[in-house]
Amino acid sequence: DNDSSNDEGVVGACPKWGKYGIIQPTAIFTKQPEFHAWLREIKQIEPEQLSTIETKEQFKTFIEDYNTATMPSKKYYNLESWERKQAKLQLKHKQKRSRLVEQQKRLGIYDDTEDMPKFNDEEILRLQRKKERDAQRNKEHEEKMLDMQLALIDKENDALRKIMGSI
């Protein structure tokens, strides 16, 4: 039998067949969000403007692209899942931006006139090292000042002992 309309011929012709599942014309209601997004974004057609017959014809094309895994984006296979992933990515991006802003504020290099904080690893590392060196110098200076104060107190105590010893 050399009938090209059987399923085996289609499967053999498309190695990705069913990669994201297989849908039938009855899936028009369960895949409506994906179908409508595909119509608007890929076909530039408003779903509400299509007649019933035109909708069915467009859905046949959608089914073919869906079943052969040839959609231009994973979005059109499962819109809800795709939106969740996008929301997670946006949240990660916001968190990363927030950490970068905080880091730059701590280093005193944040420019709030910029829409996006500058991301310059070398500059950040250089400023962190400078801040650490400055902190070390301040600590050493404070220790020297403390040592000088203690030496002065020791001298005053020695002077008081001499006075007290001579009384």
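One is the number of the first residue; the rest follow in order along the sequence.
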Are [X] and [Y] linked, directly or through other ILVMFWY residues, by side chains that come within less than 4.5 angstrom of each other?
{"X": "Leu50", "Y": "Tyr76", "result": "yes"}
{"X": "Trp82", "Y": "Ile42", "result": "no"}
{"X": "Phe59", "Y": "Met71", "result": "yes"}
{"X": "Leu160", "Y": "Ile153", "result": "no"}

Rounded at 0.5 Å granularity, tell me how far [atom1] in [X] sits from [atom2] in [Y].
{"X": "Ile23", "Y": "Asp65", "atom1": "CD1", "atom2": "CG", "result": "9.5 Å"}
{"X": "Ile28", "Y": "Lys56", "atom1": "CD1", "atom2": "NZ", "result": "8.0 Å"}
{"X": "Asn157", "Y": "Leu152", "atom1": "CG", "atom2": "CG", "result": "10.0 Å"}

Side chains of [X] and [Y]: does their closest heavy-atom pair fall under 4.5 Å?
{"X": "Gln149", "Y": "Leu146", "answer": "yes"}
{"X": "Leu100", "Y": "Lys96", "answer": "no"}
{"X": "Lys43", "Y": "Thr61", "answer": "yes"}
{"X": "Asn78", "Y": "Tyr20", "answer": "no"}
{"X": "Trp38", "Y": "Ile45", "answer": "no"}

Is the number of heavy atoms from other residues, nucleotides or ligands under 6.0 Å of Leu89 CG greater than 12? yes
Check: Around Lys131, counting heavy atoms of other residues, nucleotides and ligands shown, do more than 12 lie under 6.0 Å from its NZ?
Finding: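 Yes, the 6.0 Å shell around NZ holds more than 12 heavy atoms from other groups.
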**Prompt:** Do NZ/NE/NH1/NH2 and the carboxylate oxygens of Glu132 and Arg137 come within less than 4.0 Å?
**Reply:** no
Exercise. Does Lys162 come within less than 4.0 Å of Asp158, counting only side-chain N to carboxylate O?
Worked result: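 Salt bridge flag = no for Asp158 with Lys162.
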Minimal heavy-atom distance between Ala69 and Lys19, with the atoms involved, is CB-CB, 3.8 Å
In short, Lys31 meets Phe62 closest at the heavy-atom pair CB-CE2, 4.2 Å
Check: Ser98 side chain, Lys94 main-chain N or O, donor-acceptor pair, under 3.5 Å:
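No: the side chain of Ser98 does not pair with the backbone of Lys94.
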Is the backbone of Ser51 close enough, under 3.5 Å, to the side chain of Glu54 for a donor and an acceptor to pair up by distance?
yes
Tested for side chain to side chain donor-acceptor pair (under 3.5 Å) against Gln136, the lone hit among Glu140, Lys139, Arg133 is Glu140
- Task: Assert yes or no for the condition that the ring centre distance of Tyr66 to Tyr77 is strictly below 6.0 Å.
- Result: yes
Paired with Lys75, the salt bridge (Lys or Arg N to Asp or Glu O under 4.0 Å) test is passed by just one of Glu41, Glu80, Glu83, namely Glu41
